[in-house]
2 protein chains.
Amino acid sequence: MSYTIKEASERLGCPAHTIRFYEKEGLPPYIKRDRHGNRLFDQDHLDWIRLMTCFRATGMKISLMKQMVNLALDGDATIPQRKAILNQYKEELYRRQSQLAEALDAVNNKLAIYEDIERGRLPSESRLLNQMEDQHNQSIKQE
Amino acid sequence: MSYTIKEASERLGCPAHTIRFYEKEGLPPYIKRDRHGNRLFDQDHLDWIRLMTCFRATGMKISLMKQMVNLALDGDATIPQRKAILNQYKEELYRRQSQLAEALDAVNNKLAIYEDIERGRLPSESRLLNQMEDQHNQSIKQE
DNA sequence: GCTTGCTTTAAAGTACACTTTAAGGTTTAG
DNA sequence: CTAAACCTTAAAGTGTACTTTAAAGCAAGC
């Protein structure tokens, strides 16, 4: 049960070129080839790559993933180091979670203000930009 | 009550160069200058920039922020367009939230496996990499 | 046998957001 | 008067992750 790069690409929702790029970077090790040199992926590889893209999408750098792969290849003795990396990454994930929460708050705030303006409950724009514009206009008049 | 770029930089936790870069990109409009041409920021500008960095940190592109600023400068008539942009961005924020949740899950999974290995409850590495390695070794033997 | 569509590689190009450099002007402390 | 510590601009450089291009090989269908 092996997949060509095209099948792997479809299953992963990831361009074939990107998969090759990842292999070149050393992320998925031990990818087999058929007698023509074409890559053959099996489920384990797909799972592994999916994990990597999951980490990538949330900010882990490829170089760090490569480092983890290398540590893993060196055996169980490197588990403490890998744990340290993952724990640091986990901190980063928490940081991003609160950034997202903050941004969602800000967006909802903005949207609420827009609603208020549309319903005529607020004189105009959210204060900020207008005020800056006012100051700008004043300074123009003074020239 | 105005701040120099250095003070703004300190308050925002953002390099002065980056603030200048943002201004060049058109993000914070109407920044005043003193008689020597030095920028003068007031609280509204800092608030605005802080909002922009909050949006940036969570994936909004500078070009899109500039677009929003331009729309805002065109008056309340553009509110529907701005709402559309923010709602799209909100979708993106939700997408990122679930990506983060997924990644956190995966990390905790990995960490749990490492714990198990360290306590001798699992024979070795998380199966994945070893299995790939085994296959690799087999293919080497066959050569 | 030839086209179509896949595959391979290495290398160059792109997008994005900074970041650094270079060259110079002003203000303040000693 | 001069050095330190700011400020200015424009332009070039950097890092990251792709993405595209170019050149070529294999294989199934007509």
Side-chain angles (χ1 to χ4, degrees), chain A residues 2-28 30-42 45-46 48-69 85 89 92 96 99 103, chain B residues 2-28 30-42 45-46 48-69 85 89 92 96 99 103:
Chain A
S2 284
Y3 307 104
T4 67
I5 197 166
K6 200 194 180 196
E7 288 160 345
S9 158
E10 280 157 5
R11 263 152 225 268
L12 292 168
C14 174
H17 271 300
T18 304
I19 298 175
R20 288 194 200 98
F21 169 74
Y22 284 160
E23 193 203 11
K24 204 177 65 186
E25 296 296 303
L27 292 198
Y30 308 132
I31 288 177
K32 295 170 293 186
R33 304 296 183 114
D34 68 11
R35 70 186 182 290
H36 303 299
N38 292 1
R39 289 169 185 81
L40 286 178
F41 299 83
D42 45 51
H45 292 103
L46 299 197
W48 183 264
I49 295 170
R50 205 185 298 277
L51 183 69
M52 296 291 108
T53 58
C54 166
F55 283 4
R56 256 307 301 133
T58 50
M60 185 178 280
K61 282 182 187 166
I62 286 177
S63 57
L64 190 56
M65 290 198 272
K66 183 181 180 166
Q67 218 175 303
M68 288 213 302
V69 169
I85 289 175
Y89 170 52
E92 175 65 23
R96 282 176 191 245
Q99 284 177 332
Chain B
S2 285
Y3 307 104
T4 67
I5 197 165
K6 200 194 180 196
E7 288 160 346
S9 158
E10 279 158 3
R11 264 153 224 268
L12 293 168
C14 173
H17 271 299
T18 304
I19 299 175
R20 288 193 201 100
F21 169 74
Y22 284 162
E23 194 204 10
K24 205 177 62 182
E25 297 294 304
L27 292 198
Y30 307 131
I31 289 176
K32 295 169 293 186
R33 303 297 183 111
D34 68 10
R35 68 187 184 291
H36 303 299
N38 292 0
R39 289 171 185 79
L40 285 178
F41 300 82
D42 44 50
H45 291 104
L46 299 197
W48 183 263
I49 295 170
R50 204 185 299 277
L51 182 69
M52 297 291 107
T53 58
C54 167
F55 283 3
R56 257 306 303 133
T58 50
M60 186 178 281
K61 282 181 186 166
I62 286 178
S63 57
L64 190 56
M65 290 198 271
K66 184 182 179 166
Q67 218 177 304
M68 288 215 300
V69 169
I85 290 174
Y89 170 53
E92 175 65 23
R96 283 177 192 244
Q99 285 177 331

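Treat the numbers as computed from the prediction; the structure is a model and nothing was measured. Convention: sequence-line order gives letters A, B, ...; per-chain numbering from 1. Side chains included, hydrogens not; waters and symmetry mates left out as well; all remaining heavy atoms used.
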S.K.: Considering every strand and a 4.0 Å limit on heavy-atom distances, what is the contact class for B:R20: base, sugar-phosphate, or nothing?
M.R.: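 Base contact.
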S.K.: Once you round it to whole Å, what is the distance between C1' of D:dC18 and CG of A:L27?
M.R.: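 Distance, rounded to whole Å: 13 Å.
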S.K.: How many Å lie between CD on A:E23 and P on D:dC18, as a whole number?
M.R.: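 After rounding, the gap between these two atoms is 15 Å.
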S.K.: Once you round it to whole Å, what is the distance between C1' of D:dA17 and CD1 of A:I19?
M.R.: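 The distance from CD1 of A:I19 to C1' of D:dA17 comes to 15 Å, rounded to the nearest Å.
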S.K.: Expressed in angstrom and rounded to an integer, what is the separation of A:N38 atom CG from C:dT7 atom P?
M.R.: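 Taking atom P of C:dT7 as the reference, CG of A:N38 is at 7 Å.
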S.K.: Between B:T53 and B:L12, is there a side-chain heavy-atom distance shorter than 4.5 Å?
M.R.: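 Sidechains of B:T53 and B:L12: no contact.
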S.K.: Mind calculating the distance between CD1 (A:I5) and C1' (D:dT19) to the nearest angstrom?
M.R.: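 Distance, rounded to whole Å: 14 Å.
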S.K.: Applying side chain to side chain donor-acceptor pair (under 3.5 Å), can you list everything that pairs with B:R39, at least two apart in sequence or on another chain?
M.R.: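 Result, side chain to side chain donor-acceptor pair (under 3.5 Å) vs B:R39: B:E23.
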S.K.: What pairs with B:T18 under side chain to side chain donor-acceptor pair (under 3.5 Å), at least two apart in sequence or on another chain?
M.R.: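 If we apply the side chain to side chain donor-acceptor pair (under 3.5 Å) test to B:T18, skipping adjacent residues, there are no hits.
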S.K.: How would you list, by chain and number, every residue that makes a side chain to side chain donor-acceptor pair (under 3.5 Å) with B:E7, sequence neighbours excluded?
M.R.: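 In terms of side chain to side chain donor-acceptor pair (under 3.5 Å), with neighbours along the sequence ignored, B:E7 is linked to no residue.
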S.K.: If a stem is a run of at least 3 consecutive Watson-Crick or G-U pairs, both distances under 3.5 Å, which stems include DNA chain C?
M.R.: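 Counting only runs of 3 or more consecutive pairs, the stems involving DNA chain C are C:1-30 with D:1-30.
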S.K.: Using a cut-off of strictly less than 4.0 Å, decide whether B:R33 has a side-chain nitrogen or oxygen near OP1 or OP2 of D:dT9.
M.R.: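 Yes, within the criterion.
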S.K.: The criterion is side chain to side chain donor-acceptor pair (under 3.5 Å); which residues satisfy it with A:Q99, sequence neighbours excluded?
M.R.: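 Checked A:Q99 against side chain to side chain donor-acceptor pair (under 3.5 Å); zero matches.
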S.K.: Is A:R39 close enough to C:dT9 that one of its side-chain N or O atoms is under 4.0 Å from OP1 or OP2 there?
M.R.: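 Affirmative; the distance criterion is met.
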S.K.: Taking side chain to side chain contact (heavy atoms under 4.5 Å, CB included) as the test, write out the residues that go with B:Q67, two or more places apart.
M.R.: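 With neighbours one apart ignored, the set is B:L64, B:I85.
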S.K.: For residues 54-62 of chain A, tabulate all N or O donor-acceptor pairs below 3.5 Å that involve a side-chain atom, not counting sequence neighbours.
M.R.:
unit_1, atom_1, unit_2, atom_2, d
A:R56, NH1, A:M60, O, 2.8
A:T58, OG1, A:C54, O, 3.0
A:T58, OG1, A:F55, O, 3.0
A:T58, OG1, A:Y89, OH, 2.5

S.K.: Treat primed atoms plus P, OP1 and OP2 as sugar-phosphate and everything else as base, then score nucleotides 15-20 of chain C 5' to 3': B for base contact with protein heavy atoms under 4.0 Å, S for sugar-phosphate contact only, - for none.
M.R.: -SSBBB
S.K.: A:I49 has an atom CD1; how far is it from atom C1' of D:dA17, in whole Å?
M.R.: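 Going from CD1 in A:I49 over to C1' in D:dA17 covers 16 Å.
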S.K.: D:dT8 P sits how many Å from B:R35 CZ, rounded?
M.R.: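 For the pair B:R35 CZ and D:dT8 P, the rounded distance is 14 Å.
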S.K.: Rounded to the nearest Å, what distance is computed from the NZ atom of residue B:K6 to the P atom of nucleotide D:dA5?
M.R.: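 To the nearest whole Å, that distance equals 9 Å.
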S.K.: Looking at residues at least two apart in the chain, or sitting in another chain, which of them share a side chain to side chain contact (heavy atoms under 4.5 Å, CB included) with A:E92?
M.R.: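 Checked A:E92 against side chain to side chain contact (heavy atoms under 4.5 Å, CB included); matches are A:R95, A:R96.
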S.K.: Say you draw a straight line from CG of B:N38 to NZ of B:K6; how long is it, rounded to the nearest 0.5 Å?
M.R.: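 Answer rounded to 0.5 Å: 13.5 Å.
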